[in-house]
Each structure stands twice: as C-alpha cells, then as structure tokens.
> 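My structure is below; once you've seen it, I'll send some questions.
From a predicted model like this one, the values you see are computed outputs, not experimental measurements.
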Amino acid sequence: MKFWPFLKDKSLLLLLHLVCMSSLSVFLKMTGYGDANVILILVFWVLILTAWLLYTFIQRRNYFDEIEQLLRHIDQRYLLGELLPRSFRLEDKLYRKMIHSSNKAVIERIREIEDAQKNYREYIESWIHEVKAPITSISLLCDNGRKAHRQAGALIESLRTISIENQKIENYVEMALYYARSENVYKDFMIRQTSLQETVETVLKKNKLLFIENQVRAKVSCPDIVFTDRKWILFILNQIVLNSVKYCCDSPFLSIYTTRDKAGVTLTVQDNGTGILPEELPRIFEKGFTGSNGRRAERSTGMGLYLCQRLCVRLGLHITAESDYGEGTRILIRFPLGSYHINTLSKM
C-alpha cells in the first residue's frame, strides 16, 4: 500500500478540511482575531490532521500487508474470508462478512462439482467394466471359431479380423478407464518389483494378431528389473506399441530394449515408421494433438501419448520422445532408482 494512493483516496476528506479551515479563518478574522492567532490555530490543525493521516496510513498498510502475507502462504485462497485479521472498523467487518459468505458459496459449489465429477467417474468405470464382458466374450467366440474351423480359411480370416477390431475396442475402452482414473492414481498404486522383459512380452502377446496383420517384427532385450506398478506400465507400453504399429511403414520393425546407469533404467521403444516432424515433436504429449501423421490416420484421438505422459508423471517416471522424420521414432521411459531400489537389486 503506497502513501500517494492513500492520500488520493482521502481527497474528499482533505477538501472538507480545507473548506473548514478557510471558513474558520474567515470567521476568526471577522471576530477580531489577529493574523498570528489564526495562523497558529491553522498550524495546529494541520499538524493534528497530518498525525492522524500518518497513523491511519500505517495502520491500514499493516492490515493489508498481513492480508497479502496470508495470500502468499495459503494454497486455497478462496479460504481467505476465514483467515482475515480482525479489525475494529465497521467497513472491514462488513467486507469480512461479505467475503465469508461469498467463500462459503464457492466452497459449496466446488463440493457440488467434485461430487458430480466423482459420480461421472464412477459411472464411466462401471460402464467400462460392463462393456468389457461382451468384448471378452467376442474374443472367446473368435478363438473357439478358429479352432473349430481350421480348414475354412475365409472363416478363419473373418474371425481374425473380428478379433483385431475387438482388440481395438478394448484398447479404446481401457484408454477411457485409465483417463477416468488418472486423477487418483495413488488409490490404485501397487509398487512392486517388475520384470520389464515379462511386461513387454505381455504387451506383444496381447497385440499378436495386430502384429501379424501388419507384418511387424519385434526384438526385445529388457533384462532389467524396476520397481513400479506393473498394471499401469502395461497400459503405457501398450499405447506406445499401438502408436508404433499405427504409423508403421514397409517392413515394420520394433525394437524394445533397456539401458542402465547409476541413476536408473531407461526403457526405449524404437520403430522404423514415418517419424515425427521436428516442429511437431515438442507437442506430441499435449492433449488432443494429432499432428500431420494423426490427421492422415483414421480415428486418431491424440489422447494416447497424452495419457502416457500424465500417468508417467503420477508414477514418478520421465517420458521423452526422439525422432528422425521419415526414419522412425524412439520413446524413452526413465525409471529412476532410489537407494532402496539399489540395495534391493544388489541383493538379488
């Protein structure tokens, strides 16, 4: 709070004092007071007014400085009305009461929105679990159909196509489920020793029909063990692998490997696909960003890598991308190692 704006705020009061001083001077002169006496009275008036203004300024400045300190140190600023310092001034009491009422309405509205979001999230999760049942049934029917009609090539091919499309539906359903849960990952955490080799092989096995259809070859070399949540890493790797297959080129090849240093383990998923334009590379983890490749591909949502990046942050991992346009892309996931992890691994 500056002194000059304070004086401008008191301009009407100062004008009133000036008028009163002028009127008093005229009155005293008319009643026979000498100039010296009038000046002495006016000097005392000005001194008293100045002292009062300084005292009021310092008091108000300290009051608002205390409020600013509160604003800097509280995370939920809408609770300011509950923390405002006490003041003997009527206007401060009225402002405090109004802010308190306003904050109460805001908090109630926030609670309503949170309840609505919770209900929506619970509905989405329940819907996804329900829709997964027919997806699983379709997969079983396709498997049984292929076993029962090994000689009917056309039928087997149709069942394979149905299985691939069914797998795509399941991937989109899983994406919706993980997106709904991404705000509360900590409630679903189960950090444990995880073999990256087994995790990657599980992802490849899950997408084997898609790999066969697109004639994708894969090489896996991930001997390292990390501590993380296997279920969430499966989802992240699955999205990355699906992206690599979606933007594959002739003779597609996928290389998945790990490297270790003193600070942690880096998992790299490398393909020889179309690659990413240099100007688009920094934006591939943005929500809804599809880029030039995504606009050419059907049903590209721009959500897969965004979810991967979001979940990696929640898991304490670091995900980055490197690409040479026209030659391929590398997605790197960094698993940092703490002292507990290093001591545990050294005993194995």
Side-chain angles (χ1 to χ4, degrees), residues 128 132 135-136 138-139 142-143 160 163-179 181-182 185 188-248 252-260 265-273 284-285 297 299-301 303-312 314-315 317-322 328-335:
I128 290 170
K132 273 186 150 185
I135 290 173
T136 304
I138 293 172
S139 296
C142 291
D143 289 339
R160 177 182 295 174
S163 295
I164 292 172
E165 294 302 316
N166 187 63
Q167 182 64 50
K168 291 179 182 178
I169 295 172
E170 186 175 357
N171 289 331
Y172 285 124
V173 167
E174 281 190 354
M175 190 182 297
L177 176 62
Y178 279 83
Y179 181 77
R181 290 180 175 177
S182 60
V185 177
D188 199 27
F189 262 173
M190 192 172 289
I191 302 298
R192 60 176 61 180
Q193 185 176 300
T194 303
S195 167
L196 290 178
Q197 180 77 21
E198 293 178 3
T199 305
V200 172
E201 288 175 354
T202 301
V203 172
L204 297 183
K205 184 178 179 181
K206 178 181 179 181
N207 296 285
K208 63 181 180 180
L209 292 178
L210 188 64
F211 274 55
I212 293 170
E213 182 189 38
N214 291 276
Q215 299 179 343
V216 179
R217 294 176 297 120
K219 179 182 178 182
V220 179
S221 178
C222 303
D224 292 293
I225 304 295
V226 296
F227 287 84
T228 188
D229 188 295
R230 185 174 185 272
K231 183 179 71 173
W232 293 84
I233 291 299
L234 276 172
F235 173 78
I236 293 169
L237 285 176
N238 190 60
Q239 293 303 313
I240 295 172
V241 167
L242 289 176
N243 257 21
S244 297
V245 175
K246 184 186 296 183
Y247 304 117
C248 65
F253 180 75
L254 198 61
S255 178
I256 306 176
Y257 57 91
T258 58
T259 54
R260 174 186 287 274
V265 173
T266 301
L267 173 67
T268 303
V269 181
Q270 182 174 350
D271 63 54
N272 62 342
I284 63 171
F285 295 109
R299 299 182 298 275
S300 181
T301 63
M303 293 296 291
L305 288 179
Y306 164 75
L307 270 176
C308 291
Q309 193 268 347
R310 186 169 179 170
L311 295 178
C312 281
R314 299 287 195 274
L315 290 170
L317 310 179
H318 184 60
I319 184 170
T320 55
E322 300 172 355
T329 303
R330 293 173 299 281
I331 303 293
L332 298 90
I333 302 176
R334 179 72 173 171
F335 295 83

> Any non-hydrogen side-chain atom of D224 less than 4.5 Å from a side-chain atom of Y257?
no
> Among L311, I240, L332, find the residue that satisfies the side-chain contact (heavy atoms from CB on, under 4.5 Å) test when tested with I319.
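Going through the options one by one, the only one that passes is I240.
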> Can you tell me how far apart CG (L196) and CD (E201) are? Round to the nearest 0.5 Å.
11.0 Å
> Taking the side chain as every heavy atom from C-beta outward, state whether I331 and T268 have any atom pair closer than 4.5 Å.
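When only atoms from C-beta onward are counted, T268 and I331 do not touch, as no gap falls below 4.5 Å.
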> Would you mind reporting whether L315 and W232 have side-chain heavy atoms less than 4.5 Å apart?
yes
> Using the side chain to side chain donor-acceptor pair (under 3.5 Å) criterion, which residues pair with S195? Sequence neighbours excluded.
none
> Apply side chain to side chain donor-acceptor pair (under 3.5 Å) to T329 and list each qualifying residue two or more places apart in sequence or on a separate chain.
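Per chain and number, T329 pairs via side chain to side chain donor-acceptor pair (under 3.5 Å) with S323.
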> Sequence neighbours left out, what passes side chain to side chain donor-acceptor pair (under 3.5 Å) with D271? Give chain and number order.
S244
> Just so I know, are the side chains of T199 and T194 near enough to count as touching, which here means a heavy-atom distance under 4.5 Å?
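In short, these two side chains touch, coming nearer than 4.5 Å.
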> Verify side chain to side chain contact (heavy atoms under 4.5 Å, CB included) between Y306 and I284, making sure each step is shown before the conclusion.
CA-CA 8 Å; Y306 164 75; I284 63 171; over 6 Å; no
> I'd like to check the salt bridge (charged side-chain N to carboxylate O under 4.0 Å, His left out) partners of E322; sequence neighbours left out, ordered by chain and number.
R330
> Go through I333 and L237 one step at a time and tell me if the side chain to side chain contact (heavy atoms under 4.5 Å, CB included) criterion holds.
CA-CA 9 Å; I333 302 176; L237 285 176; 4.3 Å; yes
> For residues 202-216, which residue pairs qualify under salt bridge (charged side-chain N to carboxylate O under 4.0 Å, His left out), counting only residues two or more places apart or in two chains?
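Every pair satisfying salt bridge (charged side-chain N to carboxylate O under 4.0 Å, His left out) with a residue in residues 202-216: E174-K206.
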> Looking at side-chain heavy atoms only, is the closest gap between F227 and R192 below 4.5 Å?
no
> Going by heavy atoms in the side chains, are K246 and N243 under 4.5 Å from each other?
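Sidechains of N243 and K246: in contact.
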> First locate atom CD of E198, then atom CD1 of I225, and finally report the distance between them rounded to the nearest 0.5 Å.
7.0 Å
> Examine distances only and state if a side-chain atom of D229 and a backbone atom of M190 form a donor-acceptor pair shorter than 3.5 Å.
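Side chain of D229 to backbone of M190, a donor-acceptor pair under 3.5 Å: yes, one is there.
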> Can you sort out the partners of T266 under side chain to side chain donor-acceptor pair (under 3.5 Å), two or more places apart, ordered by chain and number?
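With sequence neighbours excluded, T266 shows a side chain to side chain donor-acceptor pair (under 3.5 Å) to R334, given in chain and number order.
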> When rounded to the nearest 0.5 angstrom, what distance separates CG in N238 from CG in L204?
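Rounded to the nearest 0.5 Å, the CG-CG separation comes out at 9.5 Å.
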> About how many Å separate CD of Q239 and CG of L305, when rounded to the nearest 0.5 Å?
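If I round to the nearest 0.5 Å, the distance is 8.0 Å.
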> Between the main-chain N or O of L210 and the side-chain N or O of N214, is there a donor-acceptor pair closer than 3.5 Å?
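Flag set: sc N214 to bb L210 pair under 3.5 Å.
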> May I ask you to test the C222-L267 pair for a side-chain heavy-atom distance under 4.5 Å?
yes
> Measuring from atom OG of S255 to atom CZ of R217, what distance do you get when rounded to the nearest 0.5 angstrom?
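It is 11.0 Å, given to the nearest 0.5 Å.
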> Measuring only between side-chain heavy atoms, which start at C-beta, is P252 closer than 4.5 Å to V245?
no
> Carefully, step by step, assess V241 and L254 under the rule side chain to side chain contact (heavy atoms under 4.5 Å, CB included).
CA-CA 8 Å; V241 167; L254 198 61; 4.1 Å; yes
